[in-house]
Every structure is written in C-alpha cells, then in structure tokens.
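Below: one structure, written as structure tokens.
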Protein chains: 2
Amino acid sequence: MSADPTRELITDVFDRNCPSRRTMETVTGKWGSLALVALREGTFRFNALRRRVDGVSEKMLSQTLHALERDGLVLREAQSTIPPHVEYSLTPLGARVADQLFGLVDILEGNFGEVLEARVRYDEARSEG
Amino acid sequence: MSADPTRELITDVFDRNCPSRRTMETVTGKWGSLALVALREGTFRFNALRRRVDGVSEKMLSQTLHALERDGLVLREAQSTIPPHVEYSLTPLGARVADQLFGLVDILEGNFGEVLEARVRYDEARSEG
C-alpha cells in the first residue's frame with residue numbers, strides 16, 4: 001500500500017491479525033461511517049446526532065462513538081454548563097477519514113440510478129434462469 | 001449532499017428507507033470494502049481473491065460478491081475454458097468506489113501510529129477513572 005516497506009510490515013488491513021483492520025471496520029461499519037459523515041457538518045450533542053443518523057439505536061450510537069473516540073477519530077467534550085452536556089466533534093484525523101467517506105457517499109448518491117439499473121438487470125437475469 | 005435538489009430528494013444514505021443505504025452498507029461492509037480494494041489490483045478468480053482477503057469464509061465472500069455484482073460494482077465473467085472458471089473485476093463505477101475506499105485504507109494505514117496512541121490514552125484514562 002505504500003512506498004515505505006517498514007509501514008507495510010507494520011500495518012496491513014488485509015492481514016486479519018493487524019489491529020488496523022478493526023479500525024477499518026469501525027469507520028466503515030454501518031453506523032460508524034454515517035456518524036463520521038454527519039460530524040463533518042459540525043459539533044453534535046448525542047441526541048441531535050442520533051436524529052441525524054436515522055435509525056440508529058441509543059445503544060449502537062453510544063458504542064460507535066466510544067469506538068471512534070478510542071481510535072482518536074472523534075472528540076468527546078463534556079461542557080460545564082447547567083445542565084451539563086456532552087458534545088461530539090471530529091479530530092483532525094477523523095476529519096480526513098470523514099472527508100474520504102463523504103466522497104464515497106457522494107459517488108453512490110450521484111450514481112444511484114446506475115446502481116438501481118444494475119439491480120433490475122441482475123434480478124431479471126436470475127428470474128429468467 | 002448535492003447542489004441538485006432533485007437528487008437530494010431521491011437519494012439520501014441518512015434516510016433509513018433509502019435504498020442507497022443498503023449499497024453503502026455493502027461497499028463499506030467488513031468484506032465488501034476489502035474485496036473492492038483488492039480488485040483494484042486486477043482481475044481475480046474466486047479462490048485467489050479469497051486468499052487476498054485474509055480471513056473471509058467461502059460463504060461470506062460469495063455473498064459479498066453477489067451483492068456487489070447486483071449493485072453493478074463488480075463484473076462476474078465465466079470463461080469458456082477447460083475447465084471453465086469465473087473471474088471477478090471492477091466495473092467503472094466499482095473502480096471509482098474502490099479508489100475512494102483505497103484512499104481511506106491509505107489514511108488509516110499511514111496514520112495508524114496516531115490511532116494506537118489514542119487507544120493507549122483512552123484505555124489509561126478509563127483504568128484511572
């Protein structure tokens with residue numbers, strides 16, 4: 001993946017034992033990817049983020065944010081307001097990851113007609129066969 | 001997500017009922033993302049791809065490839081050789097998606113030291129608390 005052989009030795013998402021694969025799974029996971037892309041829009045409180053990521057349960061969003069925080073991609077800040085509240089934002093590395101995921105969303109949303117056409121062709125070929 | 005309001009109405013991965021979310025889940029899924037990135041390297045036969053995507057079961061890779069083929073991201077071609085064999089490659093749209101995923105892998109692998117440092121800090125803060 002890189003011109004630097006040392007780095008290749010250390011980190012390879014294709015190696016099932018490499019810890020980077022777990023991070024890959026967190027950021028590309030069903031809720032991780034959407035949470036990261038949503039946080040590109042700004043800082044969110046938990047419940048607002050939960051509304052933005054339509055369909056996520058409180059438990060799954062909480063687990064997802066903890067995993068992203070642990071990997072240094074999301075910053076969790078408790079504000080000393082009354083009542084106190086917690087805000088989530090992207091770290092610089094998280095922002096780079098989120099930009100890349102947004103590019104992916106943009107390709108899929110912008111070409112979704114092509115995807116739907118492919119599905120129709122595939123399903124028709126199957127029903128004929 | 002786009003300057004085109006029509007497109008926004010039609011396709012929104014944040015909407016749990018939008019069919020694009022399923023495609024997002026396929027391409028970012030644990031095996032879908034790795035299979036797409038692997039296929040950037042060229043055409044693969046099934047067993048070669050299975051060796052490349054370390055840890056995937058035959059069943060999971062088969063399901064993943066069918067989902068990617070159905071969405072028009074992977075092309076499945078049966079060669080009329082003796083014995084016949086099947087080859088998988090990326091469609092033009094699949095190649096765009098795979099390039100974007102490769103960019104993500106590259107960021108993670110290239111900054112994985114930062115991720116590991118964050119994990120240590122997070123775990124230390126937890127064990128102290």
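Letters A, B, ... mirror the listed sequences (proteins, then strands); counts begin at 1. Every value quoted in this text rests on a predicted model; they were computed, and no experiment measured them.
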### Task
Locate the shortest heavy-atom distance separating A:Thr28 from B:Leu104; write the atom from each residue and the value.
CG2-CD2, 3.5 Å
### Task
Compare all side-chain heavy atoms of A:His66 with those of B:Arg126 and state whether any distance is below 4.5 angstrom.
yes
### Query
Under 3.5 Å, is there a donor-acceptor pair between the side chain of A:Asp71 and the main chain of B:Val115?
no
### Rounded distance [0.5 Å steps], CG in A:Leu108 versus CZ in B:Arg22
14.0 Å
### Task
Mind listing the closest non-hydrogen atom pair of B:Arg21 and A:Asp54 along with its distance?
NH2-O, 2.7 Å
### Query
Is there a side-chain contact between B:Leu34 and A:Arg16 (heavy atoms, below 4.5 Å)?
no
### Message
I'd like to know which of A:Cys18, A:Ala38, A:Gly29, A:Gly72 tops the heavy-atom pair count under 4.5 Å against chain B.
### Response
A:Ala38
### Any side-chain heavy-atom pair of A:Glu109 and B:Met24 under 4.5 Å
no
### Message
Does A:Arg40 have more than 12 heavy atoms from other residues, nucleotides or ligands lying within 6.0 Å of its CZ?
### Response
yes
### Query
With the 4.5 Å side-chain cut-off for hydrophobic clustering, are B:Leu101 and B:Leu75 part of the same group?
no
### Task
Report yes if the side chains of B:Val105 and A:Phe14 come closer than 4.5 Å at any heavy-atom pair, otherwise no.
no
### Spacing of CG belonging to A:Leu116 relative to OG1 belonging to B:Thr11, to within rounding of 0.5 Å
7.5 Å
## Note on the structure
CD of A:Glu69 to CZ of B:Arg121, rounded to nearest 0.5 Å, is 10.5 Å
#### Entry: Hphob cluster co-occupancy, B:Val74 + A:Val120, side-chain heavy atoms under 4.5 angstrom
no
### Query
Residue by residue, which of residues 87-96 of chain B have a heavy atom closer than 4.5 Å to a heavy atom belonging to chain A?
B:Leu93, B:Arg96
### Query
What about A:Val86 and B:Tyr122, same hydrophobic cluster or not, with Ile/Leu/Val/Met/Phe/Trp/Tyr joined at side-chain heavy-atom distances under 4.5 Å?
no
### Task
Report yes or no: do B:Phe102 and B:Leu39 belong to one cluster of Ile/Leu/Val/Met/Phe/Trp/Tyr joined by side chain heavy-atom distances under 4.5 Å?
yes
### Summary
Heaviest contributor of heavy-atom pairs below 4.5 Å to chain B, chosen from A:Val97, A:Val27, A:Val53, is A:Val97
### Task
Please tell me if the side chains of A:Glu25 and B:Ser33 come closer than 4.5 Å, counting only heavy atoms from C-beta onward.
no
